[in-house]
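Notes for the one structure printed next.
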Amino acid sequence: MDASTIIARRIAQELRDGMLVNLGIGIPTLVANYVPAGLHVFFQSENGLIGTGPVPEEGMRQARLTDAGGRVVTALPGAATFDSATSFGLIRGGHVDMTVLGGLEVDVTGRLANWTIPGKMVPGMGGAMDLVSGARRVVVAMQHTAKGKSKIVSQCRLPLTSVRPVDLVVTELAVIAFPNGRATLLEVAPGVQVADVLAATEAPLIVRDDVHPMPLGSEVPA
Amino acid sequence: MDASTIIARRIAQELRDGMLVNLGIGIPTLVANYVPAGLHVFFQSENGLIGTGPVPEEGMRQARLTDAGGRVVTALPGAATFDSATSFGLIRGGHVDMTVLGGLEVDVTGRLANWTIPGKMVPGMGGAMDLVSGARRVVVAMQHTAKGKSKIVSQCRLPLTSVRPVDLVVTELAVIAFPNGRATLLEVAPGVQVADVLAATEAPLIVRDDVHPMPLGSEVPA
Amino acid sequence: MKTIGLGEAASLIPDGASVMIGGFMGVGTPERVIDELVRRGTGNLTVIANDTAMPGVGIGKLIRAGLVRRAIVSHIGLNPETQQQMIAGKTDVELVPQGTLIERIRAGGFGLGGVLTATGVGTVVEKGKATITLDGKTYLVERPLRADFALVSAFAADYLGNLQYALTARNFNPVIAMAADVVIVDAEHIVPTGVIAPDHVMTPAPLVDYLVAH
Amino acid sequence: MKTIGLGEAASLIPDGASVMIGGFMGVGTPERVIDELVRRGTGNLTVIANDTAMPGVGIGKLIRAGLVRRAIVSHIGLNPETQQQMIAGKTDVELVPQGTLIERIRAGGFGLGGVLTATGVGTVVEKGKATITLDGKTYLVERPLRADFALVSAFAADYLGNLQYALTARNFNPVIAMAADVVIVDAEHIVPTGVIAPDHVMTPAPLVDYLVAH
């Protein structure tokens with residue numbers, strides 16, 4: 001299983017029936033492919049849609065129906081559309097139960113940087129700052145390292161997305177939470193040892209006695 | 001012509017094509033009966049309607065279609081409905097070109113009191129404070145006196161609706177504006193003399209050289 | 001979203017709860033839920049709504065039954081019973097300009113710490129409020145309002161909980177549906193999922209906690 | 001509301017104007033009006049919009065033509081040309097969190113002096129902004145945005161100017177239609193008055209100044 005699949009499948013285990021969930025671009029989008037059977041989850045695209053469905057069949061594209069990445073999608077029965085002020089009211093007002101975003105760095109207290117690399121990449125924060133500040137639960141989906149360097153760091157070098165700590169970081173190696181403001185290892189990926197995670201992580205991690213393997217659910221066809 | 005008719009017909013002369021106008025309960029409502037021929041005016045009910053029409057024919061009532069006084073009305077072709085936040089966005093944001101409200105007192109600088117008589121009547125301000133603070137043009141429709149006492153006063157004794165001065169006061173005797181923050185007599189009703197107005201008015205009035213009779217338009221059937 | 005009976009819906013609301021209620025002079029108010037609260041005698045309520053309607057209509061029923069301890073409303077002009085209870089000290093009435101009231105509720109639901117408005121500056125509404133002067137203009141800092149419950153009246157609800165309102169019965173309803181911990185909806189029509197087109201949904205389903213069964 | 005030709009519509013907008021433009025990655029952007037601005041070379045514009053789309057798409061056409069002096073947007077990630085112009089100092093880019101951006105535009109259109117939001121507190125977004133601490137929580141005071149023109153893309157407009165948007169092409173459009181001195185609408189369909197039902201009107205007619213003729 002590749003890194004993205006591990007991350008997406010693990011995060012899908014966080015879904016609960018009736019949740020309103022916002023998925024960022026990239027790995028987070030994949031989470032929608034692994035919704036556990038029997039759950040009804042609402043997916044929001046922050047450009048103004050709840051009930052985002054998969055990409056349409058050939059010949060059935062509607063250019064006015066896109067996700068937050070600008071990709072043409074479909075709408076599930078019972079979908080709702082709305083303007084951007086309402087969309088961010090849902091986000092800022094805590095109506096989004098969970099948001100899944102990519103990350104560049106997460107510090108030892110759970111603070112996320114994910115919107116710019118000064119001098120290199122200035123894409124802008126888009127909706128990320130509102131999502132991290134406002135969603136009930138913030139989950140970061142990212143590879144554990146970039147170019148061999150840990151993305152879970154003692155202190156963020158990059159500009160923060162929010163001072164609010166995230167709730168969970170899921171990588172292809174580990175699941176990390178931040179109880180009492182300290183990065184804590186909860187789970188390891190199948191075949192990964194605690195020592196592997198510690199070796200790959202810059203930030204000091206509290207290791208719980210009950211570190212266990214990630215639940216990945218059963219694969220559901222996309 | 002009774003007082004209400006004079007006031008309503010005079011105020012109708014202030015209407016311009018394409019205006020969005022909010023009419024308060026009472027005399028202001030009558031203004032809609034005298035829209036000059038050839039003008040298309042949008043009337044807003046602040047409970048969430050633009051395109052408010054007259055009361056329906058017998059047997060055609062729709063209980064979910066009311067004006068700001070709670071009266072069952074109709075909607076004209078091209079009407080629009082919206083929630084209260086949007087309705088007051090239109091008002092506060094200056095999209096309402098003219099509002100016509102009743103008044104209890106207007107002071108010599110044009111400040112209006114129209115929402116409460118402490119110890120006697122506590123109806124609440126409803127939308128009046130937003131209308132007076134936010135509409136582009138504020139016109140007060142009221143009788144010149146109440147129980148023989150002038151309602152145009154040196155200083156309001158009643159709690160103010162807004163510190164923003166109104167633009168025009170129309171009574172059954174006179175039209176008064178507030179250039180440079182001073183009550184100024186512009187027009188008198190048919191058959192009324194300047195001296196009659198001065199005698200009926202507590203506030204000192206500046207009398208313009210060119211005081212002229214109120215234009216009342218031609219009566220348009222309701 | 002869960003579908004429940006009328007009695008069960010009303011039983012969720014304890015004495016002393018804060019309750020936002022849709023409606024403008026009784027138009028767009030969930031009458032059935034109000035009737036059930038009156039029947040049960042759920043009291044000591046804080047009601048946040050545009051008005052208290054007329055005696056014996058909509059929120060006026062709660063007033064008449066003496067169930068409202070505190071009302072945050074924009075006016076009570078058409079309900080002399082509210083005025084009497086206010087003067088008698090039975091009901092605290094906080095009068096808020098209508099545009100400010102709906103904007104405070106929206107701020108509560110939209111996650112804002114407040115809004116700045118010129119409405120009420122220099123009037124009794126200013127009393128006890130922070131003001132801020134920006135670019136030479138003074139504004140009141142108006143704080144968000146939230147409630148334990150929102151009692152929403154809709155024209156149609158689908159099986160998921162998407163809502164549609166009709167004509168001027170919309171008023172406060174979509175805004176209060178954002179601003180309460182528990183949202184209870186009474187819909188005139190319940191329709192299968194998909195019957196309300198996405199562009200016509202006025203309150204998205206995830207905001208609705210309970211739909212009162214027909 | 002006045003119906004005018006495309007050329008006349010674009011000619012209303014002078015060099016140096018501030019322009020709010022609807023759309024999200026080009027979806028819901030009035031392409032015809034943009035094309036005409038490019039043809040005329042209307043430059044030195046301040047653009048307020050969610051993003052600058054992609055190179056050669058929507059607002060990306062204005063960028064490519066070098067017509068944008070200043071952009072107030074939430075991201076430019078999919079348009080490297082905007083990034084290049086920013087680095088070269090040709091275009092000032094002010095990045096604003098998307099939820100804050102739309103709320104600032106709304107405040108401009110809804111007559112608010114600003115809104116208080118926790119979004120951006122403790123980040124670079126806070127720089128140069130007033131903060132206010134209420135009940136122990138710190139908020140940024142975010143000021144209203146307005147523009148000389150709003151360029152709105154609608155799905156349908158009726159003869160009076162009532163507008164309806166479709167699906168995710170709605171985005172910023174109904175909000176900018178409240179926040180500009182002059183509102184110019186390009187609608188995919190023009191329909192007789194009454195064809196859009198009152199409950200389906202998303203922008204009421206009095207907000208629209210000009211409708212581009214078909």
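Computed from a predicted model, the values in this text were never measured in an experiment. Lettering of chains follows the sequences in order, A, B, ..., and the numbering in each one begins at 1.
- In this structure a side-chain-to-backbone donor-acceptor pair under 3.5 Å is present from B/Arg92 to C/Gly99.
- Looking at B/Ile91, there are no atoms closer than 4.5 Å to chain C (heavy atoms on both sides), in backbone or side chain.
- For B/Thr161, the part lying near chain C is the backbone, with the side chain staying farther off; criterion is any non-hydrogen pair under 4.5 Å.
- The contact between B/Ser133 and chain C is made entirely by side chain atoms (from C-beta outward), counting heavy-atom distances below 4.5 Å.
- With a threshold of 4.5 angstrom between heavy atoms, C/Val73 does not approach chain B through any atom at all.
- For B/Ala63, the part sitting under 4.5 Å from any heavy atom of chain C is the backbone (N, CA, C, O) and nothing else.
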Walk me through it: do C/Leu95 and B/Thr116 pass the test side-chain contact (heavy atoms from CB on, under 4.5 Å)? CA-CA 11 Å; C/Leu95 291 170; B/Thr116 185; over 6 Å; no
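- Neither the backbone nor the side chain of C/Met202 comes within contact range of chain B; no heavy atom of the residue lies under 4.5 Å from a heavy atom of that chain.
- Under a cut-off of 6.0 angstrom, the local environment of NZ in C/Lys90 is sparse, with at most 12 non-hydrogen atoms contributed by other residues, nucleotides or ligands.
- Between chain B and the options C/Val96, C/Asn173, C/Val93, C/Asp51, heavy-atom pairs under 4.5 Å are most frequent for C/Val96.
- Options B/Thr66, B/Val163, B/Leu160 differ in how many heavy-atom pairs under 4.5 Å they form with chain C, and the most are formed by B/Thr66.
- The shortest distance between side-chain heavy atoms of C/Gln98 and B/Phe88 falls below 4.5 Å.
- Of all residues in residues 160-170 of chain C, those placing a non-hydrogen atom less than 4.5 angstrom from a non-hydrogen atom of chain B are C/Ala166, C/Leu167, C/Thr168, C/Ala169, C/Arg170.
- Shown here is B/Asp2, whose CG atom has more than 12 heavy atoms of other residues, nucleotides or ligands within 6.0 Å.
- Of the atoms belonging to C/Glu94, not a single heavy atom falls under 4.5 Å from chain B.
- Exactly one of C/Val125, C/Leu101, C/Thr100, C/Thr123 qualifies for a side-chain contact (heavy atoms from CB on, under 4.5 Å) with B/Met125. That residue is C/Val125.
- With chain C as the partner, the residue from B/Val122, B/Val132, B/Thr86 showing the most heavy-atom pairs under 4.5 Å is B/Val122.
- Within the 4.5 angstrom heavy-atom criterion, only backbone atoms of B/Ser162 (N, CA, C, O) approach chain C.
- Here the OG1 atom belonging to C/Thr119 is positioned 9.0 Å from the CG atom belonging to B/Leu131, to the nearest 0.5 angstrom.
- The two residues C/Val124 and B/Trp115 have their closest heavy-atom pair at CG2-CZ2, 3.4 Å.
- When all heavy atoms are compared, the tightest approach of B/Ala68 to C/Phe24 is O-CE2, 3.4 Å.
- Only the side chain of C/Pro174 comes within contact range of chain B, with at least one heavy atom under 4.5 Å from a heavy atom of that chain.
- In this structure, chain B has a heavy atom under 4.5 Å from the side chain of C/Leu78, while its backbone stays farther away.
- Atom CG of B/Asp83 sits about 9.0 Å away from atom CZ of C/Arg106, to the nearest 0.5 Å.
- Heavy atoms from other residues, nucleotides or ligands lying under 6.0 Å from CD of C/Glu126 number more than 12.
- Of the listed residues (C/Gly28, C/Gly26, C/Ala53, C/Gly77), the greatest number of heavy-atom pairs within a distance under 4.5 Å of chain B belongs to C/Gly77.
- Contact record, C/Gly120 with B/Met129: CA-SD, 4.2 Å, taken as the closest heavy-atom pair.
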